[in-house]
2 protein chains.
Amino acid sequence: MFKALSNPHRLRIFKELSTRLAGQVINEPPEAIQNCQCKFAEHLDLAPSTVSHHFKELRQAGLIHMKREGKNVLFWVDDKATKALQALLTV
Amino acid sequence: MFKALSNPHRLRIFKELSTRLAGQVINEPPEAIQNCQCKFAEHLDLAPSTVSHHFKELRQAGLIHMKREGKNVLFWVDDKATKALQALLTV
DNA sequence: CAAGCGATTCGAAAGATTTCGAAGTCTAAA
DNA sequence: TTTAGACTTCGAAATCTTTCGAATCGCTTG
């Protein structure tokens, strides 16, 4: 977990997912959640393949979850991990 | 902070310092606290210079503090950091 | 079915970490 | 003052990460 969040880009992705999706239900349509990887690629100025790699790392660390929904992929943060990290991220 | 704890050896050092020194006063004699780097070097099977480097990283991340006390050096964990991380480390 | 969009996998290059030994610093005691 | 113990600093080598482009996969829609 620490390893996954030790990278600034991944920490940023996780924080944005955490705050943006706070309290949202998983089953909403993708348009409402607006978290496709390509947006992060633009925002972070990284290649799509690089962003994909970072998402994979976050997923393998158990920090986020992913689910294919049509041509996009949905993301949401792990509830336990979020609560455990909340104190840290808000300092 | 995440970067500092992303290394298994550093995480172990920090955890041991946290648990071993929990509630101890800083001004006790070094013998009572028993946390010289050389013990960690033995324990982790690393060269003294490597251990020194890891302690430096933890210090620069604000996770621990150091103070020269005679020929040894005293270590103790940062109180804020400990409390913030406690929830995570005990899971 | 073909085209297109978004995400993934792969290999390679660049960059960062980890580790060590050797030399150096600081302090306490002989 | 010299010796010894504990830590630090400084390269250098090995290893791991990050990043990209190219090729590929999965799904939707024209």
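All heavy atoms count here, side chains included; hydrogens, waters and symmetry mates do not. Numbers restart at 1 for each chain; the letters A, B, ... are given by sequence-line order, proteins then strands. Every value quoted in this text rests on a predicted model; they were computed, and no experiment measured them.
The CG-P distance, from B:Asn7 to C:dA16, rounds to 18 Å in whole Å. Rounded to whole Å, atom P of C:dC5 lies 14 Å from atom CD of A:Glu42. One can place CZ of A:Phe40 at 10 Å from P of C:dA7, the figure rounded to the nearest angstrom. With rounding to whole Å, B:Leu46 atom CG is found 18 Å from C:dT17 atom P. Rounded to whole angstrom, the span from the CZ atom of A:Phe55 across to the P atom of C:dT8 amounts to 9 Å. One can place CG of B:Asp45 at 11 Å from P of C:dT19, the figure rounded to the nearest angstrom. Computed from coordinates, the A:Asn72 CG to C:dT8 P distance equals 11 Å when rounded to whole Å. The CG atom of B:Leu11 sits 16 Å away from the C1' atom of C:dT18 (whole-angstrom rounding).
Side-chain atoms of B:Ser52 do not come within 3.5 Å of backbone N or O of B:Pro48 as any donor-acceptor pair.
Remark: A:Leu44 CG to A:Thr50 OG1 distance equals 10.5 Å, nearest 0.5 Å. Atom CG in A:Leu17 sits 8.0 Å away from atom CG in A:Leu58 (nearest 0.5 Å). Considering CG of A:Asn72 and CD of A:Gln37, their distance stands at 9.5 Å, rounded to 0.5 Å.
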**OP:** Quick one: do A:Leu63 and A:Asp78 satisfy side-chain contact (heavy atoms from CB on, under 4.5 Å)? Show the steps, please.
**Re:** CA-CA 5 Å; A:Leu63 289 166; A:Asp78 187 85; 5.6 Å; no
**OP:** Please assess A:Phe40 against A:His54 for the test side-chain contact (heavy atoms from CB on, under 4.5 Å), listing each intermediate value before the final yes or no.
**Re:** CA-CA 11 Å; A:Phe40 282 94; A:His54 285 321; over 6 Å; no
**OP:** Kindly indicate, with the supporting measurements, whether the criterion side-chain contact (heavy atoms from CB on, under 4.5 Å) is fulfilled by A:Lys39 and A:Glu16.
**Re:** CA-CA 12 Å; A:Lys39 294 272 169 55; A:Glu16 288 192 17; over 6 Å; no
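Heavy atoms of A:His53 sit under 4.0 angstrom from at least one base atom.
Phosphate proximity of C:dT18 to B:Arg10: present, with a side-chain N or O under 4.0 Å from OP1 or OP2. OP1 or OP2 of C:dT17 lies within a sub-4.0 Å distance of a side-chain N or O belonging to B:Lys3.
Scanning DNA chain D 5' to 3' for nucleotides with an atom closer than 4.0 angstrom to a non-hydrogen atom of chain B gives a first and last hit of D:dA6 to D:dT9.
By the 30° and 60° cut-offs, the orientation of the rings of B:Phe2 relative to A:Phe2 is tilted.
Within 6.0 Å of NE2 on B:His43 lie no more than 12 heavy atoms contributed by other residues, nucleotides or ligands.
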Subject >> Where protein sits on nucleotides 21-30 of chain C, one letter per nucleotide: B base, S sugar-phosphate only, - none, heavy atoms under 4.0 Å >> reply: BB---BSS--
